[in-house]
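Inspection log for the structure reproduced underneath, given as structure tokens.
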2 protein chains.
Amino acid sequence: MRNRKAGYACKHCPVETTLDIIGGKWKGVILYHLMNKTCRFNEMRRLMPGISQRMLTLQLRELEKDGVIHREVYPVVPPKTEYSLTAFGETLKPIIQEMKRWGDRYEHHQEQQLEDVDQNKA
Amino acid sequence: MRNRKAGYACKHCPVETTLDIIGGKWKGVILYHLMNKTCRFNEMRRLMPGISQRMLTLQLRELEKDGVIHREVYPVVPPKTEYSLTAFGETLKPIIQEMKRWGDRYEHHQEQQLEDVDQNKA
DNA sequence: CAGAATCCGTGGAGATACTG
DNA sequence: CAGTATCTCCACGGATTCTG
């Protein structure tokens, strides 16, 4: 999000505060992947085929600026950069985990419906 | 979000699936308020001073289309419309609650820092 | 490999006015 | 009160090219 108006959430709604940090279009997914393991740049691109290189960079920079992720650059050739969650970023895990749980159940629900249609149960 | 590409999430990442439903800029906040109580249109506007009337309408329509909220129109004068969570929408509560919890703690953390600065502890 | 820089189109979103 | 309709603008984000 970052653009919910100059930093302060109106009536300091806590959900709005949270969305100011993880509300970016791809931030949830990025955090989800970094929860499992430290990742390199192109590795993340492969994990998220839908995001452009430019967007990935921008979102990573914002997350870094907010102290959620850490960016470790190794001065080698060819370049190597690793992204990982900071301790602060770890505190967001419960949110992402709930999102994963919900998404999993929703997908199963969808599959179920498709099967029903296939078998003319619907 | 709704625009993560024609309906199917890549590699069906569950977090992406979830964000397709609640990833809209204001959807989290809307759901948060509807968790507490059924709300009328202008009531919600007051709860969210940052959102424009147009945006509120659009986000509500998307949530309705996705089956997350219910819109009850009473044929009276002046008009009265009430928004509430559907049973399906209720299943999103754990996510929003985690967001609220995190936002609350984050705000306290911020306050703490401000106090420290005030008292030159920092 | 991990980006930065540039160009450019689209639609996200504000402001305003109108209506049942 | 609870919206719709229209006009408008800018920044979000894609595609492409260049670099250490």
Side-chain angles (χ1 to χ4, degrees), chain A residues 1-7 9-10 16 19-30 33-34 37-66 69-84, chain B residues 1-7 9-10 16 19-30 33-34 37-66 69-84:
Chain A
M1 300 284 147
R2 190 114 316 279
N3 28 6
R4 202 181 293 283
K5 202 81 75 180
C10 40
E16 231 169 303
L19 288 176
D20 277 339
I21 306 289
I22 60 163
K25 195 169 184 178
W26 294 92
K27 291 182 183 171
V29 191
I30 291 177
H33 290 302
L34 289 183
K37 59 188 284 293
T38 291
C39 283
R40 298 180 59 174
F41 188 77
N42 278 353
E43 193 175 356
M44 304 202 70
R45 292 190 62 186
R46 259 170 272 126
L47 290 170
M48 298 177 277
I51 193 175
S52 71
Q53 175 220 46
R54 171 195 156 85
M55 267 305 99
L56 180 55
T57 305
L58 290 176
Q59 301 271 297
L60 286 171
R61 287 297 180 283
E62 285 197 13
L63 287 171
E64 187 189 358
K65 183 162 57 58
D66 287 330
I69 65 174
H70 173 67
R71 176 167 172 258
E72 183 75 32
V73 182
Y74 297 90
V76 297
V77 180
K80 173 176 174 177
T81 307
E82 282 187 345
Y83 293 92
S84 57
Chain B
M1 297 282 146
R2 191 114 317 280
N3 29 6
R4 201 181 293 283
K5 204 80 76 177
C10 41
E16 232 169 301
L19 289 176
D20 277 339
I21 306 290
I22 61 164
K25 195 168 184 177
W26 295 91
K27 292 183 181 171
V29 191
I30 292 176
H33 291 302
L34 289 183
K37 60 188 283 294
T38 290
C39 283
R40 298 181 59 174
F41 189 77
N42 278 354
E43 194 175 352
M44 305 203 69
R45 291 190 63 184
R46 261 171 270 123
L47 290 170
M48 300 177 275
I51 192 174
S52 70
Q53 177 221 41
R54 169 196 156 85
M55 267 303 99
L56 180 54
T57 304
L58 291 177
Q59 301 271 298
L60 286 171
R61 288 297 180 284
E62 286 197 10
L63 287 171
E64 188 190 359
K65 185 163 54 61
D66 286 330
I69 66 175
H70 174 67
R71 176 166 172 258
E72 184 74 32
V73 182
Y74 298 91
V76 297
V77 180
K80 172 176 175 178
T81 306
E82 283 186 344
Y83 293 92
S84 57

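Everything numeric here is computed off the predicted structure, so don't read it as measured data. Letters go in sequence order (proteins before strands), and every chain restarts at 1.
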Nearest to the side chain of [X] - [options]?
X       : options              : result
B:Arg61 : C:dA2, D:dG3, C:dG3  : D:dG3
B:Pro79 : D:dC1, C:dG3, D:dG3  : D:dC1
A:Arg54 : C:dG3, D:dG13, D:dC1 : D:dG13
B:Met55 : C:dA2, D:dT4, C:dG14 : C:dG14
B:Tyr83 : C:dG3, D:dG3, D:dA2  : D:dG3

Check your understanding: Would you say C:dA2 has OP1 or OP2 under 4.0 Å from some side-chain N or O of A:Arg40?
Key ->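 Yes, A:Arg40 has a side-chain N/O under 4.0 Å of OP1/OP2 on C:dA2.
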
Review point. Hey, is the side chain of A:Ser52 poking within less than 4.0 Å of OP1 or OP2 on D:dG13, counting only N and O atoms?
Key: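 False: A:Ser52 side-chain N/O out of range (4.0 Å or more) of D:dG13 OP1/OP2.
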
How many whole angstroms separate atom [atom1] of [X] from atom [atom2] of [N]?
X       : N      : atom1 : atom2 : value
A:Lys25 : C:dT10 : NZ    : C1'   : 12 Å
A:Leu58 : D:dA11 : CG    : P     : 14 Å
A:Arg45 : D:dA15 : CZ    : P     : 11 Å
B:Gln59 : D:dA2  : CD    : P     : 19 Å
A:Glu82 : C:dA2  : CD    : P     : 9 Å
A:Met48 : D:dG14 : CE    : P     : 12 Å
A:Leu56 : C:dG3  : CG    : P     : 8 Å
B:Glu64 : D:dA2  : CD    : P     : 15 Å

Review point. Can you name the closest pair of heavy atoms from B:Thr38 and B:Ser84 and give their distance?
Key: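 Taking B:Thr38 first and B:Ser84 second, the nearest heavy atoms are OG1-CB, 3.5 Å.
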
Review point. What's the shortest heavy-atom distance between A:Gln59 and A:Lys25, and which atoms?
Key: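 That would be OE1-N, 3.6 Å.
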
Check your understanding: So, do A:Phe41 and A:Leu60 sit near enough that their side-chain heavy atoms are less than 4.5 Å apart?
Key ->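 A side-chain contact under 4.5 Å exists here.
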
Point to revise | Validation row: B:Arg46, B:Asn42 side chains within 4.5 angstrom (heavy atoms) | key: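 Yes, their side chains come closer than 4.5 Å.
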
Point to revise | Under-3.5 Å donor-acceptor pair between A:Gln53 side chain and C:dA4 base | key: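 Yes.
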
**Study point:** Separation between CG of A:Leu56 and CE of A:Met48, rounded to the nearest 0.5 Å
**Key:**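 Answer rounded to 0.5 Å: 5.0 Å.
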
